[in-house]
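Since we're looking at a predicted model, the values are computed, not measured.
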Amino acid sequence: MGQLLGKPLAKSIVLLNKVFIVNKADAFENQRLFNNAVIRVQVLHQLAAKMITDFEESLYPDDRRALSKIFPLSHCISDSIEAPTGKDETQKSSVLRLLRTSSRLIESWEYPSQTFSTVYTITEKLTDLKVGVNVLIRGYLDGQPSMDDNDSLPLPFEDFYLSLDDGNLSKSYRLLACFRKDMHRVETFLRMANCRRSPEANCTL
């Protein structure tokens, strides 16, 4: 009798061990993907800051002061994309919402980023980042259909920055300032999403 019970028990233990190993491998891969995404958006954020600094340093002082007053009142492409606002809402948002919002923000820049210097390969970096974030989203959906209606909506103002009627200086500055702002937001969302994966973590901004 003991031998009969022993075999099923042994098989169950082996099965549980296999499940544990698979789950551990999945967790490791998921962490690797998150780390990679955070590193990629950090690079983009740093490049955005460098581009706007270089642009500002090329201006006359009067032009620099005038443009710095324009941007706070300007509209950015991301303003029409639903996203967490403020620290509290960001900290309370689910991992999936933070990932989806990041993907939308990244995608919104694939077209206007083509006006940036090809030296920085911004568009290619954005595409690589979006692919990585979308892999994370599919992992969290785990084969379930997406219930986010915003996923199927066209991105707002695809050519918003490219069709502005203001002068070249103002247009260029707005483009760079909005890009820096959005990369900062994506970096914040991805960092928070990565932290929120652990229930015990104290995730604060």
**Student:** Give, for atom CG of Asn30 and atom CG of Leu136, the distance between the pair rounded to the nearest 0.5 Å.
**Tutor:**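 The distance works out to 6.0 Å.
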**Student:** Has Arg180 got a side-chain atom pairing as donor or acceptor with Ala49's backbone, closer than 3.5 angstrom?
**Tutor:**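 Side chain of Arg180 to backbone of Ala49, a donor-acceptor pair under 3.5 Å: no, none is there.
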**Student:** Is Lys92 salt-bridged to Glu89, cutoff N-O under 4.0 Å?
**Tutor:**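 Between Glu89 and Lys92 there is no salt bridge, as every charged N stays at least 4.0 Å from the carboxylate O atoms.
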**Student:** Which heavy atom in Val95 sits nearest to a heavy atom in Arg197, and how many Å separate them?
**Tutor:**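 The answer is CG2-N, 4.2 Å.
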**Student:** For the residue pair Glu56 and Arg64, what are the closest heavy atoms and their distance?
**Tutor:**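 What the structure gives for the nearest pair is O-NE, 2.9 Å.
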**Student:** Using 4.0 Å as the upper bound for N to carboxylate O, is an ion pair formed by Asp128 and Lys125?
**Tutor:**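 Looking at Asp128 together with Lys125, the answer is no, because their closest N to O distance does not fall below 4.0 Å.
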**Student:** Can you check side-chain contact (heavy atoms from CB on, under 4.5 Å) on Thr90 and Leu98, steps first, answer last?
**Tutor:** CA-CA 8 Å; Thr90 300; Leu98 293 169; 4.2 Å; yes
**Student:** Show the nearest heavy-atom pair for residues Pro84 and Arg97, with the distance to one decimal.
**Tutor:**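 So the two residues come closest at N-NH2, 3.6 Å.
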**Student:** Could you tell me if the side chain of Leu126 sits less than 4.5 Å from the side chain of Phe179, heavy atoms only?
**Tutor:**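 Of all side-chain heavy-atom pairs linking Leu126 with Phe179, at least one is under 4.5 Å.
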**Student:** Could you measure the distance from the CE atom of Met51 to the OG atom of Ser172? Nearest 0.5 Å is fine.
**Tutor:**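 Output value for this atom pair is 11.5 Å.
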**Student:** Indicate whether the side chain of Ser94 and that of Arg196 have a donor and an acceptor atom separated by less than 3.5 Å.
**Tutor:**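 No, Arg196 and Ser94 have no side-chain donor paired with an acceptor closer than 3.5 Å.
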**Student:** Is there a donor-acceptor contact under 3.5 Å linking the side chains of Glu110 and Thr127?
**Tutor:**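 Yes.
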**Student:** Looking at side-chain heavy atoms only, is the closest gap between Arg185 and Ser78 below 4.5 Å?
**Tutor:**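 Yes - at least one pair of side-chain heavy atoms lies under 4.5 Å apart.
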**Student:** Hey, what do you get for CD1 (Ile122) to CG (Leu129), rounding to the nearest 0.5 Å?
**Tutor:**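 Separation between the atoms: 11.5 Å.
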**Student:** Could you label the plane-to-plane angle of the Trp109 and Phe116 rings as parallel, tilted or perpendicular, counting under 30° as parallel and over 60° as perpendicular?
**Tutor:**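 Parallel.
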**Student:** Let me confirm one number: the SG-CD1 distance from Cys76 to Ile81, rounded to the nearest 0.5 Å.
**Tutor:**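 Output value for this atom pair is 10.5 Å.
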**Student:** Within the side chain of Ser108, is there an N or O that forms a donor-acceptor pair under 3.5 Å with the backbone of Leu105?
**Tutor:**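 Such a contact is found between Ser108 side chain and Leu105 backbone.
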**Student:** Is there a donor-acceptor pair under 3.5 Å between the side chain of Asn194 and the backbone N or O of Arg191?
**Tutor:**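 It does not hold such a pair.
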**Student:** Which heavy-atom pair separates Val38 from Val41 by the least distance, and what is that distance?
**Tutor:**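 Distance-wise, the nearest heavy atoms are O-CG1, 3.2 Å.
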**Student:** Angle between ring planes, Tyr140 versus Phe34, binned at 30° and 60°: parallel, tilted or perpendicular?
**Tutor:**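 It falls in the perpendicular class, over 60°.
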**Student:** Would you mind reporting whether Tyr111 and Thr123 have side-chain heavy atoms less than 4.5 Å apart?
**Tutor:**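 No; the side chains remain at least 4.5 Å from each other.
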**Student:** Rounded to the nearest 0.5 Å, how far apart are CG of Asn36 and CD of Glu29?
**Tutor:**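 Atom-to-atom, Asn36:CG and Glu29:CD are 9.5 Å apart.
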**Student:** Between Arg104 and Asp182 (salt bridge meaning N to carboxylate O under 4.0 Å), is one present in this structure?
**Tutor:**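 Looking at Asp182 together with Arg104, the answer is no, because their closest N to O distance does not fall below 4.0 Å.
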**Student:** What's the separation between atom CG in Leu59 and atom CG in Asp54, rounded to the nearest 0.5 Å?
**Tutor:**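 So the gap between those two atoms works out to 11.0 Å.
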